Protein chains: 2
Amino acid sequence: MRKLPSQLLKGSLEGALLQILASQESYPYEIHQALVTAGFGEIADGTIYPLLLKLERSGQIQGERRDSPNGGPPRKYYHLLPSGQAALADFKADWAQLEAAMNQLGGK
Amino acid sequence: MRKLPSQLLKGSLEGALLQILASQESYPYEIHQALVTAGFGEIADGTIYPLLLKLERSGQIQGERRDSPNGGPPRKYYHLLPSGQAALADFKADWAQLEAAMNQLGGK
DNA sequence: TTCAACTATCTTGTCAAGCAAGGAAGTGTC
DNA sequence: GACACTTCCTTGCTTGACAAGATAGTTGAA
């Protein structure tokens with residue numbers, strides 16, 4: 001699995017986070033693993049936290065701290081708010097357009 | 001045609017430029033139009049010039065000034081160099097991975 | 001004849017976001 | 001006692017798209 005250049009990830013990661021939280025609530029450590037598993041390459045974990053804080057501050061997601069079931073440090077679970085749902089829809093439209101534009105060039 | 005958020009374009013535009021120049025030599029003004037036509041949204045023309053200069057300085061493309069056939073200002077035609085061809089191949093692999101990762105999340 | 005629209009190139013400063021590097025702390029294993 | 005894993009978080013750096021603006025030639029309309 002190749003490590004993607006950071007510039008290419010810009011903007012995409014925010015949408016990816018919303019996408020993950022749309023299907024289930026999750027916490028940063030798990031989200032990070034989900035991104036790597038999905039194929040985004042090795043994302044720095046220092047990337048995830050500021051992004052989540054930004055989304056929380058802007059009212060798109062909400063966090064809640066809960067004890068870990070396996071005795072580890074407590075986790076901060078995030079879930080999507082309506083505003084985040086709308087932002088996700090926007091992102092999906094943006095992404096679809098970018099994807100289409102890229103394929104347009106490649107197919108020529 | 002929606003204007004894509006600038007952050008989402010980061011990295012993608014560089015690949016798009018290489019892609020365009022891979023199929024035919026071109027000059028900035030035409031490249032800009034090609035991007036808009038392909039569906040990348042309204043790209044600022046101030047974005048194209050620094051990008052091309054960077055690619056030229058790094059030896060991926062080469063420019064050559066020629067008179068415009070329609071009597072307008074002279075154009076600077078760029079064509080792809082071998083190093084640019086290789087960079088394009090890299091970009092394509094990166095893009096394919098990102099696309100796959102995104103679809104992976106969406107399909108869940 | 002002047003004014004807008006189009007073609008064409010280029011520079012400077014700003015801003016957003018991913019990353020590297022680091023810190024903190026608990027649990028379990030060898 | 002050391003290492004690996006889980007879990008959270010911050011600071012400063014760098015990159016690249018953009019806004020704004022400068023320059024200049026051609027053409028067609030008012």
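Predicted model, so just to flag it, every value in this text is computed and none were measured. Below, chain A is the first sequence line, B the second, and so on; all start at residue 1. Computation of the quantities below employed the complete heavy-atom set of this structure, encompassing side-chain atoms and omitting hydrogens, waters and symmetry-equivalent molecules.
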Under 4.0 Å between a side-chain N/O of B:Tyr27 and OP1 or OP2 of C:dA8, yes or no?
yes
Toward the 5' end of DNA chain D, by each residue's nearest nucleotide, A:Ser6 or A:Leu53:
A:Leu53
Mapping A:Gln7 and A:Asp45 onto DNA chain D by nearest heavy atom, which one lands closer to the 5' end?
A:Asp45
Report yes if some heavy atom in the side chain of B:Arg2 is under 4.5 Å from a heavy atom in the side chain of B:Leu4; otherwise report no.
yes
Here the distance between atom P of C:dA17 and atom CG of A:Leu4, to the nearest Å, is 18 Å
Measure from OH on B:Tyr49 to P on D:dG16 and round the result to the nearest Å.
20 Å
Rounded to whole angstrom units, what separation is found between the CZ atom of A:Arg57 and the P atom of C:dA17?
12 Å
Would you call B:Arg75 and B:Glu30 a salt bridge, using N to O less than 4.0 angstrom?
no
With a 4.5 Å cut-off on side-chain heavy atoms, are B:Thr47 and B:Leu9 touching?
no
For A:Arg65, answer base if it contacts any base atom (sugar-phosphate contacts may also be present), sugar-phosphate if it contacts only those atoms, and nothing otherwise; contact means non-hydrogen atoms under 4.0 Å.
sugar-phosphate
Can you tell if the side chain of A:Leu88 reaches within under 4.5 Å of the side chain of A:Gln19, non-hydrogen atoms only?
yes
Distance in angstrom units between B:Ile48 CD1 and C:dT11 C1', rounded:
15 Å
Atom OH of B:Tyr29 and atom C1' of C:dA5: how far apart are they, to the nearest Å?
10 Å
Rounded to whole Å, the CG-C1' distance (A:Leu8 to D:dT15) equals 13 Å
I want to confirm an ordering. Mapping B:Lys76 and A:Gly11 to their closest nucleotides on DNA chain C, which one lands closer to the 5' end?
B:Lys76
note: A:Lys54, atom NZ; C:dG18, atom P; distance rounded to Å ~ 7 Å
Using atom NZ of A:Lys10 as one end and atom P of C:dC15 as the other, report the distance to the nearest whole Å.
15 Å
